[in-house]
Chemist: 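Below you will find the structure I want to go over with you.
Owing to the predicted nature of the structure, the values given are computational and were not obtained by experimental measurement. Below, each value reflects all heavy atoms present in this structure, side chains not excepted, and no hydrogens, waters or symmetry copies.
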Amino acid sequence: MTKPNLSHWPTFPTVSHYAMAVLSVAVAIIAAEIMTRLLNTEPIALSMLCAVIFAAWFGGFSPALLAIALAVLAFHYYLLPPINSFTWKHNLLAGGVSEVSRLILFSITSLFIAFMVSAQKEATEALRRSSGDLQAAVEDQKRIEAALLQSEMHLTEAQRLSRTGSFGWNVSSGEIFWSDETFRIFQSDHATKPTVELIVQRTHPEDRAAVQQTIDQASIDGKDFDHEYRLLMPDGSVKHVHAVARAARDASGGVEFRGAVTDVTFAKETERKLRRSEAYLAESERLSRTGSWAWDVRRREFVFRSPEAHRLLGLDPERDAAPAQPLWDCVHREDRDRVIEMVRQALREKTDFEGDYRIVLPDGSTRYVHAVGHPVLSDDGEVTELVGTHVDVTEQHLAKVALQEAVDEIKKSEDRLRLVIDTIPTLVWRAGPEGIPDFLNQPALDYTGISLDQATTAWPRAFHPDDRKGMLRKWSAIRDSGIRGELEARLRRFDGEYRWFLFQAEPLRDQSGNIAKWYGSSTDIEDRKRAEEELRRSEAKLTEAQRVSQTGSFGWNVSSGERFGSKEFFRILGYEDSRSVTFDMVLQRVHPEDRAFVEQTIDRASRDGKDAQYEHRLLMPDGSVKHVNVVAHAARDQAGQLEFIGAMVDVTSTRRAEEKLHNTQAELAHVARVTALGELTASIAHEVNQPLAAVVANADACLRWLDRETPDLVAARRSAEWVIDDASRASEVVRRVRALANKTDIEKVPLDLNNVIREVIALVQRELSSHRVSLRMELEPTLPKILGDRVQLQQVIINLVMNGIEAMQPVTDRPRELVVRSGRDETDQVLLSVTDGGVGISAENANRLFNAFFTTKASGLGMGLSICRSIVEAHGGRLSVSGNEGPGATFQFVLPLHQEDAL
Ligand code: ADP
């Protein structure tokens, strides 16, 4: 507010001052007159003096002088006679000395007072004026100070808001000035004196050297500096500051820097975040294959394209510069016009656009792009820019195409499926959750002869009346269970014939798990039913057959322990009611002598999982003995578990028959042996004769030694010993012959086959020589033992040797040689062969040699080879014949090793 200027107060014009002097004198005269008249006093002098004072005070000294002149005049006039009358006085100069002195005194007094009053007034005026000036100056000062304070506040606020502090630095004095904001930036209190050291100390250790260098450099060359560095605050936080300083000269010519320091942490952080979000954006663009762009409509060029937008065009954003002009060329020729029109329309109508098109990359490949654009309008409503994105949707497009193809394929396969459903020889149906059919395939319709719209009611009626109730009950149970189920029932064909069907139903559930539909198939099992019937019948037959053949069947699942046995199986074991029979009870029936063997065999079979066949005896409760033959076949069930399926045959009668046969055979063999012995009589006689002759000779000699003059007892003893030896030899031959002739029981013992051969050869020696047959023995020295009956094996060998000798009978043109070999065959069994160079065997006879009563000899019995074969087979061996390369035949047999020697 502007204050009034006191020095320019409006003043009355000077004239008015003078007029006021005149007026005041006039008033004084009037007042003096009135008072004279009323009070009878003469106050003229006083009133004049008042008039002068007033004039002096009001108008100053000059008007006061006028008032004095007028007052003197009035006073003089007043003193002239007639006194106290203002009538005209003719003689103004008349008057006494006293009046004159009064006048002079009055004048001097008035002058003095006028001077004093006017001086006083002027002084007062001057004082008032200077006081006004002073007040104005003070007001100005206050105003300036307030403005200064305000601008300082603004500056401080501005510094605070802009986080910019100011500083001054006098290099020569080292004095540093900091603004409040600078203190705040450095987090120092105002009591701390700012120094270069403090600044360096606050600087981040990594930036300290650079800051020190900048300050040092500035202090040397006195040039402006501008640097950015970090501060490490006491609380561990880091600030980024930017300091700018301008150099100036101070009054003494020294260098002084004034500058600003800005806390750019926020800007730095923002920049970092911006960079990071830019990186994220670029990454998300890369991942989503989305490129962004901005198109300047007026300049007709791209003003921005993200790296991904480059990449989309097959360009490397780092290396290749994409042309700024439109890229219509990149757009697939077939899509180009459409794309141009789409963009133009967006520009024309100022609307967003969106569309798919193909672009062709420099390498010739095609990519599918989804483009979205948005026009940016200026204030005047014109389109200035188009901004938008390009998304590479090649994969999606290909997936879509593949999906479409898959859908087409599904459609096709659905058609095919429909065709299949309508052509398969199975009745297919579908029903709602409540079980009412709503679909039947063509075969179902054809079979029943009903139409699809009748399905709901006609289908249930097509079931056989006898089966319908059971079917409905089972169907309801399946639906209640909510899981796959099946039932069997007869279904009427269109021609009225009923056939058995297997109905299988499977529920289809919706997403919430509720049954949406039941799908089912009905398979014609008429044939199976018949087969089942057939099976039932054949099972009955089998049971009968088992009964007749005394064969029981059984099964045993090793893992589960499950067992079953046929009726006949338990009957053989002597159990009529099979239900309560346990495995232990089965084992109990096994003959005590065979039990260990049976248990071992079962154990081994279950361990090895191999087929087993064995024979054992049963001891029945009545003390009778049964022979059974068990055959068990190892197999795997559906779960891959080991199971045995087998048969137990009651072979008691067979065994008895065999026993009889065996006895008969033994008899026969005995007869044959005795017969053979008859043939060997000459040899035997010779065998016996030889030692007997020696006995006689040695006995003679002995006697002679005794009959001497001096009996030679030593020689006699030696002769007697020889007698004993020879007699033992003879007795051994006789023992062997007796053994052969004897009818002894078969006794299998471990034997060395070579020994058996040697014993036999001793017996046939004579036959060989009488038939002029030379014998060659090729015996393997270390032959493992076999288990056999000595006599029976001797019989076999004698037979073969004798046959060989006889076969060579007709041979006259070549040496007759018989070769007896022993050894081991390829399976390591013990082998014996007798090879002759005789007539050999004709092809037609080859198969009949071993038949009983087959002989080509006039006196032959034809039993020899037949008996030999049964003996060898009873030993677990095999007898065979083969032709030689040269003349003759070879008979050979193999025998298994004695168990102890087997390994
Ligand atoms: P037999 O000697 O009483 O005829 P075998 O059973 O011993 O009875 O022999 C049957 C037949 O086999 C003989 O009649 C003979 O024809 C033939 N045969 C046996 N051994 C030989 C052999 N080594 N060479 C040729 N034929 C043989």
Side-chain angles (χ1 to χ4, degrees), residues 274-412 414:
L274 195 67
R275 268 208 206 107
R276 208 167 53 183
S277 72
E278 257 177 15
Y280 287 151
L281 189 67
E283 185 62 14
S284 67
E285 282 203 347
R286 200 179 63 71
L287 290 174
S288 63
R289 294 169 161 260
T290 305
S292 46
W293 49 264
W295 166 260
D296 190 315
V297 176
R298 287 183 199 130
R299 278 155 59 195
R300 297 184 53 75
E301 62 181 31
F302 285 102
V303 286
F304 166 71
R305 251 179 304 179
S306 71
E308 197 52 33
H310 279 74
R311 245 177 248 126
L312 198 68
L313 297 168
L315 302 169
D316 183 341
E318 305 282 316
R319 224 180 43 220
D320 308 328
Q325 283 67 42
L327 295 160
W328 305 129
D329 294 349
C330 298
V331 179
H332 195 286
R333 199 176 304 131
E334 290 171 14
D335 297 344
R336 204 170 293 156
D337 291 345
R338 182 169 57 81
V339 175
I340 293 174
E341 182 46 36
M342 179 174 75
V343 174
R344 281 190 185 149
Q345 189 184 355
L347 290 173
R348 223 171 27 239
E349 297 175 5
K350 300 170 185 168
T351 53
D352 292 354
F353 69 86
E354 185 166 356
D356 289 347
Y357 56 87
R358 288 165 289 175
I359 56 169
V360 180
L361 300 189
D363 64 3
S365 60
T366 304
R367 308 294 292 174
Y368 289 81
V369 173
H370 179 73
V372 177
H374 169 73
V376 178
L377 305 184
S378 64
D379 292 343
D380 54 8
E382 285 305 307
V383 179
T384 54
E385 266 188 6
L386 273 180
V387 291
T389 56
H390 281 142
V391 187
D392 184 347
V393 292
T394 311
E395 264 79 46
Q396 289 91 320
H397 178 82
L398 295 178
K400 205 167 127 189
V401 170
L403 187 69
Q404 189 54 48
E405 279 171 9
V407 168
D408 291 347
E409 197 51 44
I410 289 170
K411 181 88 186 55
K412 264 190 235 154
E414 200 178 284

Chemist: Which distance, rounded to the nearest 0.5 Å, do you find between the CZ of R286 and the OG of S306?
Modeler: 12.5 Å
Chemist: If you compare all heavy atoms of S277 against all heavy atoms of L274, which two are closest, and at what distance to 0.1 Å?
Modeler: OG-O, 3.0 Å
Chemist: So which atom in P362 and which in L313 form the shortest heavy-atom distance, rounded to 0.1 Å?
Modeler: CD-O, 3.4 Å
Chemist: Name the orientation class of the two ring planes belonging to F302 and W295 (parallel below 30°, tilted from 30 to 60°, perpendicular beyond 60°).
Modeler: perpendicular
Chemist: Taking atom NZ of K350 as the centre, report whether more than 12 heavy atoms of other residues, nucleotides or ligands fall under 6.0 Å from it.
Modeler: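 Yes, enclosed.
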Chemist: Between D356 and H397, is there a side-chain heavy-atom distance shorter than 4.5 Å?
Modeler: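 Counting from C-beta outward, H397 and D356 never come under 4.5 Å.
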Chemist: Quick one: list whatever passes salt bridge (charged side-chain N to carboxylate O under 4.0 Å, His left out) with R298, sequence neighbours left out.
Modeler: none
Chemist: Where is the tightest heavy-atom contact between G291 and E285, given as atom of each residue plus distance?
Modeler: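 Heavy-atom minimum between the residues: CA-OE1, 4.0 Å.
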Chemist: Ignoring hydrogens and angles, state whether a donor on the side chain of H332 or Y368 is under 3.5 Å from an acceptor on the partner side chain.
Modeler: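 There is no such pair between these side chains.
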Chemist: Which value, rounded to the nearest 0.5 Å, describes the distance between I410 atom CD1 and L403 atom CG?
Modeler: 7.5 Å
Chemist: Got a second to check how far W293's CH2 is from E385's CD, nearest 0.5 Å?
Modeler: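 The CH2 atom of W293 sits 10.0 Å away from the CD atom of E385.
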Chemist: Can you find a pair of side-chain heavy atoms, one from E354 and one from M342, that are under 4.5 Å apart?
Modeler: no
Chemist: State, yes or no, whether a side-chain contact exists between D352 and P375 at a heavy-atom distance under 4.5 Å.
Modeler: yes
Chemist: Indicate yes or no: does E308 engage R311 in a salt bridge with an N to O separation below 4.0 Å.
Modeler: yes
Chemist: What is the distance from atom OG1 of T394 to atom CG of L312, rounded to the nearest 0.5 Å?
Modeler: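 Here the rounded value is 7.5 Å.
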Chemist: So with a 6.0 Å cut-off around CG of D380, is the heavy-atom count from everything else above 12?
Modeler: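 It does: D380 CG has more than 12 such atoms within range.
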Chemist: Donor-acceptor pair, R336 side chain versus V331 backbone, under 3.5 Å?
Modeler: yes
Chemist: Counting N and O atoms only, with roles assigned by atom type, does the side chain of S284 sit under 3.5 Å from a partner on the main chain of Y280, one being a donor and the other an acceptor?
Modeler: yes
Chemist: Looking at T290, is its backbone amide N or carbonyl O close enough to the side chain of T389 to form a donor-acceptor pair, meaning the two atoms are under 3.5 Å apart?
Modeler: no
Chemist: Are any non-hydrogen side-chain atoms of H390 and R367 less than 4.5 angstrom apart?
Modeler: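 Heavy-atom side-chain distance check fails, nothing below 4.5 Å.
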Chemist: Got a salt bridge between E341 and R348, using NZ or NE/NH1/NH2 to carboxylate O under 4.0 Å?
Modeler: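 Counted as a salt bridge, because a side-chain N and a carboxylate O are separated by less than 4.0 Å.
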Chemist: Enter the distance from E405:CD to K412:NZ here, rounded to the nearest 0.5 Å.
Modeler: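 So the gap between those two atoms works out to 9.0 Å.
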Chemist: Among all residues two or more places apart in sequence or in another chain, which pass the salt bridge (charged side-chain N to carboxylate O under 4.0 Å, His left out) test with R338?
Modeler: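 So R338 forms a salt bridge (charged side-chain N to carboxylate O under 4.0 Å, His left out) with D335.
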Chemist: Looking at residues at least two apart in the chain, or sitting in another chain, which of them share a ring-ring contact (aromatic ring centres under 6.0 Å, His included) with F353?
Modeler: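 ring-ring contact (aromatic ring centres under 6.0 Å, His included) check on F353 returns nothing, list empty.
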Chemist: Step by step, would you call E395 with R289 a side-chain contact (heavy atoms from CB on, under 4.5 Å)?
Modeler: CA-CA 10 Å; E395 264 79 46; R289 294 169 161 260; 3.9 Å; yes
Chemist: First locate atom CZ of R358, then atom OG1 of T366, and finally report the distance between them rounded to the nearest 0.5 Å.
Modeler: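 That separation rounds to 7.5 Å.
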